[in-house]
*Asks:* 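After the structure tokens below, expect a handful of questions from me.
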Amino acid sequence: MPELPEVEVVRRGLTPFVHNSTINRVEVRHDRATRRNQGSFTDQLQGRVIQHISRRGKFLWCVLDQPEALVVHLGMSGQFRVYPWTDQAVPAEQRRHPHLRILGEIEQPSGAILDLHFLDQRTFGGMHLSPLVLDDRGDHIPESVIHIARDPLDPKFNAGDIVKKIHNSQSEIKRVLLNQSILSGIGNIYADEALFRSGLHGSVIAGEVTEKHLLELVSHVKDVMNEALDEGGTSFDALYVNVNGESGYFSRSLAVYGREGEPCDRCGSDIQRISFMNRSSFFCGKCQPRIPAVAHPERAV
DNA sequence: CATAGATCCTGTATGC
DNA sequence: TGCATACAGGATCTAT
């Protein structure tokens, strides 16, 4: 369940290893991991140089030595692991890992050789090559990621514009938060956390919330993401770890997600869980009324 | 065009 | 013990 903070932790973790490195060799162990790629994945990457690694929302991409990017999405359970190359190469048990999908051997400018493994238990993740194009604000972005809106940590993210977009929607507010073409990087966990902080129930119609209140919501999204980033992301199990295999600690700071039956930090009443969009939504029934714009018009301070 | 639902996938936990 | 079921949920495709 990597969302923006977790993906950013991975990006930062990978950066020192892949910066200006040459891809010596690639081996695909599971075709599903490259299902979106056109042509031979291994042939296209052989000998290419990774200039740097960038991100928008939950999408990562390595900018290569041509106007092209290696786009990566971690899906539900994708993770990278970096191993230093030795004469013994990578220990056999790591190469036999049941979730190992793609192996890469990269050479750093220093001449050091590293093995880069992409593991993915649930196989929703993967990578593909895509040409770089210019977006509406003049940034280079992979063509396949052009439909993904800017995320709250993007320097060109304009909260006012996003609020107007959200306000124009007649969908439920949580549905809008999870829509990556309106603003990106939010998944189920941070959606619930930001809604709690804003005193909004996820079923409230976006267009019925005041713009002021929506601005507050967007601000909470940004805050909760930054706080999670500071903690190294949210980990519940071994499915999300950084490139060193370490977990993040933000799960300790969650106010509602995964806390069904526990007391609300603000009012003490039980946190509830309902099924929404084929997933769980956690919320406080008292702090997050279903019709806040009507019942609590003064909430948007 | 906007919106909503189905689909992909596997390991873990739970129920009978 | 063993089998069935629920659950975790990203993006994308299809249908309305």
Side-chain angles (χ1 to χ4, degrees), chain A residues 1-11 28-38 55-61 71-80 97-102 118-128 130 141-149 151 162 164-195 202-208 221 225 228 233-241 247-248 251 254 256-261 272-282:
Chain A
M1 45 207 90
E3 303 178 31
L4 186 151
E6 294 74 37
V7 177
E8 177 61 15
V9 168
V10 171
R11 191 194 71 79
V28 177
R29 287 279 182 88
H30 196 299
D31 285 339
R32 195 174 146 76
T34 54
R35 64 193 179 283
R36 291 188 64 186
N37 197 65
Q38 304 285 319
R55 181 191 57 72
R56 177 171 289 184
K58 304 169 198 167
F59 283 84
L60 285 173
W61 63 89
V71 181
V72 180
H73 198 290
L74 301 178
M76 288 287 296
S77 53
Q79 54 179 264
F80 282 100
H97 194 289
H99 303 147
L100 181 54
R101 308 305 185 197
I102 298 171
F118 179 71
L119 296 84
D120 189 11
Q121 180 196 102
R122 295 180 194 168
T123 74
F124 279 17
M127 49 186 95
H128 64 272
S130 179
I141 187 150
E143 194 172 46
S144 61
V145 185
I146 198 77
H147 63 293
I148 301 297
D151 60 67
I162 301 307
K164 284 191 171 58
K165 265 194 194 176
I166 298 174
H167 195 65
N168 279 334
S169 174
Q170 290 308 300
S171 295
E172 295 144 305
I173 186 66
K174 182 167 179 182
R175 204 177 278 279
V176 176
L177 288 181
L178 294 173
N179 184 344
Q180 307 294 304
S181 68
I182 295 175
L183 76 171
S184 69
I186 307 173
N188 203 37
I189 297 171
Y190 298 112
D192 279 3
E193 293 299 309
L195 287 166
S203 299
V204 171
I205 300 300
E208 294 177 1
V221 168
M225 282 181 170
T234 301
S235 304
F236 297 109
D237 49 39
L239 287 190
Y240 164 70
V241 292
S247 296
S251 60
L254 297 173
V256 284
Y257 186 87
R259 295 194 57 218
E260 183 182 15
Q272 299 172 40
R273 182 174 77 92
I274 58 168
S275 189
F276 179 82
M277 288 177 77
N278 276 332
R279 60 199 65 185
S280 290
S281 283
F282 298 90

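Convention: sequence-line order gives letters A, B, ...; per-chain numbering from 1.
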*Asks:* Please give, in whole Å, the distance from B:dG5 C1' to A:F276 CZ?
*Replies:* 12 Å

*Asks:* One character per nucleotide, please: for nucleotides 11-16 of chain C, 5' to 3', B when the base has a protein heavy atom closer than 4.0 Å, S when only the sugar-phosphate does, - otherwise.
*Replies:* SS----

*Asks:* How close or far is atom P of B:dC1 from atom CD of A:Q170, stated in whole angstroms?
*Replies:* 19 Å

*Asks:* What is the distance, rounded to the nearest whole Å, between atom CD1 of A:I274 and atom P of C:dA6?
*Replies:*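 Between P of C:dA6 and CD1 of A:I274: 19 Å.
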
*Asks:* Taking atom C1' of B:dT7 as reference, at what distance in whole Å does atom CZ of A:R35 sit?
*Replies:* 11 Å

*Asks:* Indicate yes or no for a side-chain donor-acceptor contact from A:S130 to the backbone of A:E143 under 3.5 Å, with no hydrogens or angles considered.
*Replies:* yes

*Asks:* Does the side chain of A:H128 come within less than 4.5 Å of A:T34's, by heavy atoms?
*Replies:*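 A:T34 does not reach A:H128 side chain to side chain.
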
*Asks:* Is there a donor-acceptor contact under 3.5 Å from the side chain of A:R35 to the main chain of A:R32?
*Replies:*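 Here the side-chain-to-backbone pair exists.
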
*Asks:* Under a 3.5 Å distance rule, please check whether A:Q121 uses its side chain to pair with a backbone N or O of A:S77 as donor and acceptor.
*Replies:* no

*Asks:* Report yes if at least one side-chain N or O of A:S171 is closer than 4.0 Å to OP1 or OP2 of B:dA4; otherwise report no.
*Replies:*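 The answer is yes; a side-chain N or O of A:S171 sits under 4.0 Å from OP1 or OP2.
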
*Asks:* Under a 3.5 Å cut-off for both distances, is B:dC1 Watson-Crick or wobble paired, and to whom?
*Replies:*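 Partner of B:dC1: none.
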
*Asks:* Against the six-membered ring of A:F276, is A:R175 placed for a cation-pi contact (under 6.0 Å from the centre, within 45° of the normal)?
*Replies:*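 Yes, cation above the ring, under 6.0 Å and within 45°.
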
*Asks:* Between A:K58 and A:D151, is there a salt bridge with N-O shorter than 4.0 Å?
*Replies:* no

*Asks:* Can you check nucleotides 8-15 of chain B for protein contacts, nitrogen or oxygen pairs under 3.5 Å, and list what you find?
*Replies:*
{"residue": "B:dG11", "atom": "O4'", "partner": "A:Q121", "partner atom": "OE1", "Å": "3.1"}

*Asks:* Could you check if a side-chain atom of A:F80 sits within less than 4.5 angstrom of a side-chain atom of A:V72, using non-hydrogen atoms only?
*Replies:*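 A:F80 vs A:V72: side chains touch.
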
*Asks:* Does the side chain of A:F124 come within less than 4.5 Å of A:H73's, by heavy atoms?
*Replies:* no

*Asks:* Would you call A:N179 and A:K165 a side-chain contact if the rule is heavy atoms closer than 4.5 Å?
*Replies:* no

*Asks:* Take atom CE of A:M76 and atom P of B:dT7, then tell me their distance rounded to the nearest Å.
*Replies:* 18 Å

*Asks:* Mapping A:N278 and A:N168 to their closest nucleotides on DNA chain B, which lands nearer the 5' end?
*Replies:*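 Its nucleotide being nearer the 5' end, the pick is A:N168.
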
*Asks:* Provide, to the nearest angstrom, the distance between the CZ atom belonging to A:R273 and the C1' atom belonging to C:dC7.
*Replies:* 8 Å

*Asks:* Can a side chain N or O of A:S280 be found less than 4.0 Å away from OP1 or OP2 on C:dA8?
*Replies:*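 True: A:S280 side-chain N/O within range (under 4.0 Å) of C:dA8 OP1/OP2.
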
*Asks:* Expressed in angstrom and rounded to an integer, what is the separation of A:M277 atom CE from B:dT7 atom P?
*Replies:* 16 Å

